Number of protein chains: 2
Amino acid sequence: MKYLIAEDEKELQQSIATYLSREANVCETASDYREASEKLELYDYDIVVLDINLITGSGLELLRKLKEQNKKCGVIIISANSSLDDKLEGLDLGADDYITKPFHLAELNSRIKAVLRRGQFGGNDSITFEEIRLDTLARSAYVNDKPITLTRKEYDLLLFFITNQGRVLSKAIIAEHLWGDDSDLLDNFDFIYVHINNLRKKLTKAGAKYIQTAYGSGYKFIAD
Amino acid sequence: MKYLIAEDEKELQQSIATYLSREANVCETASDYREASEKLELYDYDIVVLDINLITGSGLELLRKLKEQNKKCGVIIISANSSLDDKLEGLDLGADDYITKPFHLAELNSRIKAVLRRGQFGGNDSITFEEIRLDTLARSAYVNDKPITLTRKEYDLLLFFITNQGRVLSKAIIAEHLWGDDSDLLDNFDFIYVHINNLRKKLTKAGAKYIQTAYGSGYKFIAD
DNA sequence: TCAATTCTTAAGTAATTATTAAGCAGATTA
DNA sequence: TAATCTGCTTAATAATTACTTAAGAATTGA
């Protein structure tokens, strides 16, 4: 399950992401219109939590765009307490639910659950790729139903590969997804080599070698 | 209280499970005849919600088997609107009630409640995991039928583990469930180490060591 | 209210995992 | 083919996370 949190208040954004990351397999954030728009074009999400009052560009505008593209994801709008109109307009535009600031995270979560339940969006606890299976609740990995022990970073890396199979992932993107936003500034991704190497060793040993190097661009996870 | 939902329509299954998990201590699902049959043999349930029109194998067949085994659980049949015969046959075979698609979840819930009330089912409000048994009314715990004394927090922790078996539970989530909502903000969960440690000691001493550390992610309760 | 139990804090230790760094290997380009 | 860039591997060091214990707070029950 993949969530996107489009919220410009950094603190709230982080609270939400932290809270929801246990429900989602992938929980990403966007801090402004541009970033959200970009991510929505590049990736598929099951749920988008959208603050309708994004400073840069309107959240409603984003929602309109989203629905034009006919993406199959549930949308939950966050709105400031006053703006009833925005809410209604949002629902008109195809949002699935809304929640008013301030709110409890548990409340947001149960609304997401409700949207997922009544919609056709997402909904599976294990992810497979060829003979690899990830149990996302137990955070455990299997190759041909034999468990392999992964560290946290290795698991996250493998999950990221599988949920983005076939796509070339640059070291910068991998770093951003596994280490968060602060790594924008880094220009040294040496440590990724190490994690890739470790994960490769474990997968190869178990008989599943799918991490391919795209020389000069990054890596991709793909069956030969 | 343990429920089993035998329903092959994934979406409906999830709706029911999510809705009823509030009422039940353990609410499990089965998607086909084989899975349901297996679970019924392995575990005891207080209530079985059985879709009589399971694609694979007949629901009626399952019910017949269930009653042959003389299991003490209440059975509520879900039937498609037309098949009156199935309903009657189901009741003949010993089902306790039926409900016709489509139905409101609240309706299903109140029928379950009614069955529980008038039946002898669920009188023993206990949850088991391997050799561990929790008496949820007395809030007491047993390992191989020998009582072990737990403090409140230890009991709550164990209950939380057992009802979320196999799932990685982060310290933040554990804190939230045992200490309430305010703990979102806490960034220090040191005290959890202590409770985990205490519970582990008691369980281990009694011969049941199921709390596994998922380094960097949390803990999970699982049989090797 | 007092005594007993239970919870939390704190501090030191242990274990695991992440990152750095350096040398090597393979690829690409001129 | 030399020069350069990119990626691989390994081992060491650093950082993080977990465990354990004991003592002081807080809570509970009589």
Side-chain angles (χ1 to χ4, degrees), chain A residues 18 21-22 139-141 147-161 168-180 182-183 185-205 209-222, chain B residues 138-141 147-161 168-180 182-183 185-205 209-222:
Chain A
T18 308
S21 60
R22 74 168 196 267
R139 289 183 61 90
S140 48
I148 57 176
T149 57
L150 301 178
T151 70
R152 190 158 69 105
K153 283 273 185 286
E154 284 160 11
Y155 176 88
D156 287 341
L157 185 55
L158 179 54
L159 177 61
F160 187 53
F161 269 126
V168 172
L169 302 169
S170 71
K171 290 199 287 294
I173 287 184
I174 293 173
E176 189 191 325
H177 280 258
L178 266 70
W179 281 266
D182 3 74
S183 54
L185 309 164
L186 290 180
D187 51 357
N188 174 4
F189 299 121
D190 280 358
F191 51 90
I192 289 186
Y193 289 128
V194 181
H195 290 296
I196 293 274
N197 187 17
N198 291 337
L199 179 56
R200 256 188 183 147
K201 267 193 268 189
K202 290 184 181 177
L203 287 180
T204 305
K205 192 176 164 192
K209 46 179 205 295
Y210 296 118
I211 302 178
Q212 288 190 2
T213 303
Y215 195 93
S217 317
Y219 298 90
K220 60 180 168 179
F221 201 81
I222 198 166
Chain B
R139 291 180 60 89
S140 51
I148 57 176
T149 58
L150 300 178
T151 69
R152 257 181 303 280
K153 284 276 184 283
E154 285 160 9
Y155 175 87
D156 287 341
L157 186 55
L158 180 55
L159 177 60
F160 188 50
F161 268 126
V168 170
L169 304 169
S170 71
K171 291 198 288 294
I173 289 179
I174 294 172
E176 187 191 323
H177 279 257
L178 267 71
W179 282 268
D182 3 72
S183 53
L185 308 165
L186 289 181
D187 50 358
N188 176 2
F189 298 119
D190 281 357
F191 51 91
I192 289 187
Y193 289 126
V194 181
H195 291 295
I196 293 274
N197 188 14
N198 291 337
L199 178 57
R200 255 189 185 147
K201 268 193 265 188
K202 290 184 182 177
L203 287 180
T204 305
K205 192 176 163 191
K209 45 179 204 297
Y210 296 118
I211 302 178
Q212 286 189 3
T213 303
Y215 197 98
S217 308
Y219 298 89
K220 58 183 165 180
F221 202 81
I222 197 167

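Since the structure is predicted, the reported quantities are computational estimates derived from the model, not experimental observations. Each chain gets a letter, A, B and so on, in the order its sequence line appears, and its residues count up from 1.
Atom CD1 of A/Ile211 is separated from atom C1' of D/dG7 by 14 Å (rounded to the nearest Å). C/dT8 atom P lies 12 Å from atom CG of B/Leu157, rounded to whole Å. Rounded to whole Å, atom C1' of D/dC19 lies 16 Å from atom CD of B/Gln212. Here C/dC7 presents its P atom at 18 Å from CZ of B/Phe189, a figure rounded to the nearest Å. Separating the NZ atom of A/Lys202 from the C1' atom of C/dT16 is a distance of 11 Å, rounded to the nearest angstrom. Summarising the geometry, the separation between CG on B/Leu199 and P on C/dC7 is reported as 12 Å, rounded to the nearest angstrom. Taking atom CZ on B/Phe191 and atom P on D/dA18, their separation rounds to 14 Å, with Å as the unit. The interatomic distance linking A/Leu169 (CG) with D/dG7 (C1') rounds to 16 Å, in whole Å.
Here the shortest heavy-atom pairing between A/Ala141 and A/Leu150 reads CB-CD1, 3.7 Å.
Contact annotation: A/His195 side-chain N/O to C/dT17 OP1/OP2 distance is not under 4.0 Å. The phosphate of D/dC8 has OP1 or OP2 within less than 4.0 Å of a side-chain N or O from A/Arg200. For D/dT17, the OP1/OP2 oxygens have no side-chain nitrogen or oxygen of B/Thr213 closer than 4.0 Å. At the phosphate of D/dC8, neither OP1 nor OP2 sits under 4.0 Å from any side-chain N or O atom of A/Tyr193. The phosphate of D/dT28 has neither OP1 nor OP2 within less than 4.0 Å of any side-chain N or O from B/Arg152. At the phosphate of C/dC7, neither OP1 nor OP2 sits under 4.0 Å from any side-chain N or O atom of B/Trp179. Side-chain nitrogen and oxygen atoms of B/Asn197 include none within less than 4.0 Å of the OP1 or OP2 phosphate oxygen of D/dC19. Between B/Lys171 and D/dC19 there is no side-chain polar atom (N or O) within less than 4.0 angstrom of OP1 or OP2. Using a 4.0 Å cut-off, no side-chain N or O of B/Thr151 falls inside it from OP1 or OP2 of C/dT5.
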Criterion ring-ring contact (aromatic ring centres under 6.0 Å, His included) on B/Phe189 and B/Trp179, from CA distance to verdict: CA-CA 11 Å; B/Phe189 298 119; B/Trp179 282 268; 9.0 Å; no
Audit row: B/Arg200, B/Tyr219, side chain to side chain contact (heavy atoms under 4.5 Å, CB included) steps and yes/no: CA-CA 12 Å; B/Arg200 255 189 185 147; B/Tyr219 298 89; 3.9 Å; yes
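Tested against B/Glu154 for a side-chain hydrogen bond (donor to acceptor under 3.5 Å, both in side chains), the candidates B/His195, B/Lys201, B/Lys202 yield a single pass: B/Lys202.
A/Tyr215 contributes no side-chain N or O that forms a donor-acceptor pair with the base of D/dG7 under 3.5 Å.
A 4.5 Å side-chain heavy-atom check between A/Tyr210 and A/Thr204 finds every atom pair outside the cut-off.
If you check every strand for non-hydrogen atoms under 4.0 Å, A/Tyr219 touches sugar and phosphate atoms only.
Mapping B/Gly218 and A/Val194 onto DNA chain D by nearest heavy atom places A/Val194 at the nucleotide closer to the 5' end. Checking B/Lys153 against A/Ile192, the closest nucleotide of DNA chain C that is more toward the 5' end is the one next to B/Lys153.
Side-chain contact annotation: A/Arg139 with B/Ser217, donor-acceptor N/O pair under 3.5 Å present.
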